[in-house]
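The structure presented is a predicted model; accordingly, all values stated were derived computationally and were not measured. Computation of the quantities below employed the complete heavy-atom set of this structure, encompassing side-chain atoms and omitting hydrogens, waters and symmetry-equivalent molecules.
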Amino acid sequence: PKANEHNRAISGIAWSGVQELYTCSDEQMITRWSSSGDFLGKAGKLPEETYITDMQWYPSNLGKTGKSGEMFAVSCSNGKILFISKGGRIEKTIDAHDAAVLAIRWNYDGTGLLSCGEQGEAKIWSRSGMLRSGIAQTGSPIYSITWSPDSNSVLFVQGKNLVIKPLQPSSKEISWQAHGGVVLKVDWNAVNNTIVSCGED
């Protein structure tokens, strides 16, 4: 491999607010790329034995807050979530789950971060990393999770099923079988309200 390429598997990838692509690999290196694929440099290095499972930039459409595109979050196989500045400095470490955190997702206004894990838990965290609530406890790993376009519901995978859980306690949960095998990834399009999923089938 070239000097500007990762030497081990890439485990996290995300667009920044200025349309730069950040990647992180199992060698703990964070790397920057242009939208045309040109290498822009190394953005930092994570501690040894920190293995990334997902990567999410703080929302870049927040207008006058001044925080858009300035930090991102990564989830780790050791149960932690890290808040990292665009320069690669770890700003905060959260002991989020007892086993691997498998996915994270910011809501659209940047006030909440979803996490889900290997032990079947889903949680909501504040922008500052404080636990707001536990929203699901299942008997199997939750591989993927996302927000509804209005951020009033959460969509996550459970085995072969997709589950929509409203955040209002009085609202009913919706669940349906989406695949013939385990569902591995799900997303919810904020423009046309379409749900996209993929699975082992």
Side-chain angles (χ1 to χ4, degrees), residues 12 14-15 17 53-65 67-76 79-84 91-179 182-199:
W15 287 106
T53 57
D54 201 6
M55 188 176 189
Q56 273 279 298
W57 271 90
Y58 190 68
S60 59
N61 57 346
L62 302 184
K64 299 179 181 179
T65 63
K67 296 178 180 177
S68 61
E70 294 300 315
M71 61 87 73
F72 57 93
V74 297
S75 57
C76 307
K80 298 182 185 298
I81 296 173
L82 309 179
F83 289 176
I84 303 175
E91 303 287 351
K92 190 174 186 66
T93 300
I94 306 169
D95 292 316
H97 292 257
D98 292 332
V101 185
L102 299 179
I104 51 175
R105 200 63 89 229
W106 290 107
N107 65 359
Y108 293 98
D109 63 6
T111 59
L113 180 72
L114 287 172
S115 69
C116 60
E118 195 173 36
Q119 290 189 325
E121 293 180 320
K123 301 178 181 181
I124 300 177
W125 306 86
S126 72
R127 166 65 176 80
S128 61
M130 300 296 292
L131 178 63
R132 282 187 177 168
S133 64
I135 56 174
Q137 175 67 67
T138 70
S140 57
I142 300 176
Y143 291 105
S144 186
I145 195 166
T146 193
W147 296 90
S148 64
D150 60 9
S151 297
N152 288 329
S153 298
V154 171
L155 170 65
F156 61 90
V157 306
Q158 187 175 3
K160 301 177 182 180
N161 296 341
L162 297 181
V163 180
I164 296 177
K165 185 176 181 64
L167 298 184
Q168 289 289 340
S170 59
S171 300
K172 187 178 180 181
E173 183 177 289
I174 303 171
S175 177
W176 70 97
Q177 182 173 332
H179 289 265
V182 174
V183 185
L184 299 175
K185 204 71 176 176
V186 68
D187 207 353
W188 200 331
N189 189 311
V191 177
N192 58 22
N193 207 33
T194 301
I195 292 172
V196 181
S197 62
C198 62

Side-chain touch His97/Glu121, heavy atoms, less than 4.5 angstrom: yes

Residue pair Ile164 / Ile195, side-chain heavy-atom distance below 4.5 Å: yes

Would a distance-only check, ignoring hydrogens and angles, find a side-chain to backbone donor-acceptor pair under 3.5 Å from Asp54 to Ile104? yes

Under a 4.5 Å cut-off applied to non-hydrogen side-chain atoms, are Pro149 and Asn193 in contact? yes

Decide whether Asp109 and Asn107 meet the rule of one side-chain donor and one side-chain acceptor closer than 3.5 Å. yes

Is a side-chain donor or acceptor of Gln177 paired with a backbone partner of His179 at a separation under 3.5 angstrom? yes

Does Phe83 have its ring centroid less than 6.0 Å away from the ring centroid of Trp106? yes

Here the gap from Asn152 atom CG to Lys165 atom NZ, rounded to the nearest 0.5 Å, amounts to 14.0 Å

With side-chain contact (heavy atoms from CB on, under 4.5 Å) as the criterion, how do Lys123 and Val101 come out once you've worked through the C-alpha distance, each side chain's angles and the decisive distance to 0.1 Å? CA-CA 11 Å; Lys123 301 178 181 181; Val101 185; over 6 Å; no

To check you understand the geometry: which heavy-atom pair defines the closest contact between Ala122 and Ile145, and what is its length? CB-CD1, 3.7 Å

I'd like to know if the side chain of Trp147 and the backbone of Arg105 have a donor-acceptor N/O pair within less than 3.5 Å. yes

Side chain proximity check, Val183 to Leu162, heavy atoms < 4.5 angstrom: yes

Less than 4.5 Å apart, any side-chain heavy atom of Phe156 and any of Ile135? no

Is it the case that the side chain of Ser153 and the backbone of Ser148 share a donor-acceptor pair, with hydrogens and angles ignored and the cut-off at 3.5 Å? no

Could you tell me the separation between the CG atom of Leu167 and the OG atom of Ser151, rounded to the nearest 0.5 Å? 8.5 Å

Do any N or O atoms from the side chain of Thr146 and from the backbone of Leu155 form a donor-acceptor pair under 3.5 angstrom? no

Measuring from atom CD of Gln119 to atom CD1 of Ile142, what distance do you get when rounded to the nearest 0.5 angstrom? 11.0 Å

How many angstroms lie between atom OG1 of Thr53 and atom CD1 of Ile81, to the nearest 0.5 angstrom? 8.5 Å

How long is the span from the CD1 atom in Ile94 to the OG atom in Ser128, to the nearest 0.5 Å? 8.0 Å

Do any N or O atoms from the side chain of Lys80 and from the backbone of Thr93 form a donor-acceptor pair under 3.5 angstrom? no

Measuring from Trp125:CH2 to Met130:CE, what's the distance to the nearest 0.5 Å? 9.0 Å

Considering non-hydrogen atoms only, spot the tightest contact between Arg132 and Gly112 and give its length. NH1-CA, 4.0 Å

Between Trp57 and Phe72, what is the ring plane arrangement, given parallel below 30°, perpendicular above 60°, and tilted in between? tilted

Would a distance-only check, ignoring hydrogens and angles, find a side-chain to backbone donor-acceptor pair under 3.5 Å from Ser133 to Ile124? no

Is there a side-chain contact between Ser197 and Val157 (heavy atoms, below 4.5 Å)? no

Leu82 side chain near Lys92 side chain, heavy-atom distance below 4.5 Å: no

Are the side chains of Val74 and Met55 in contact, using a 4.5 Å heavy-atom criterion? yes

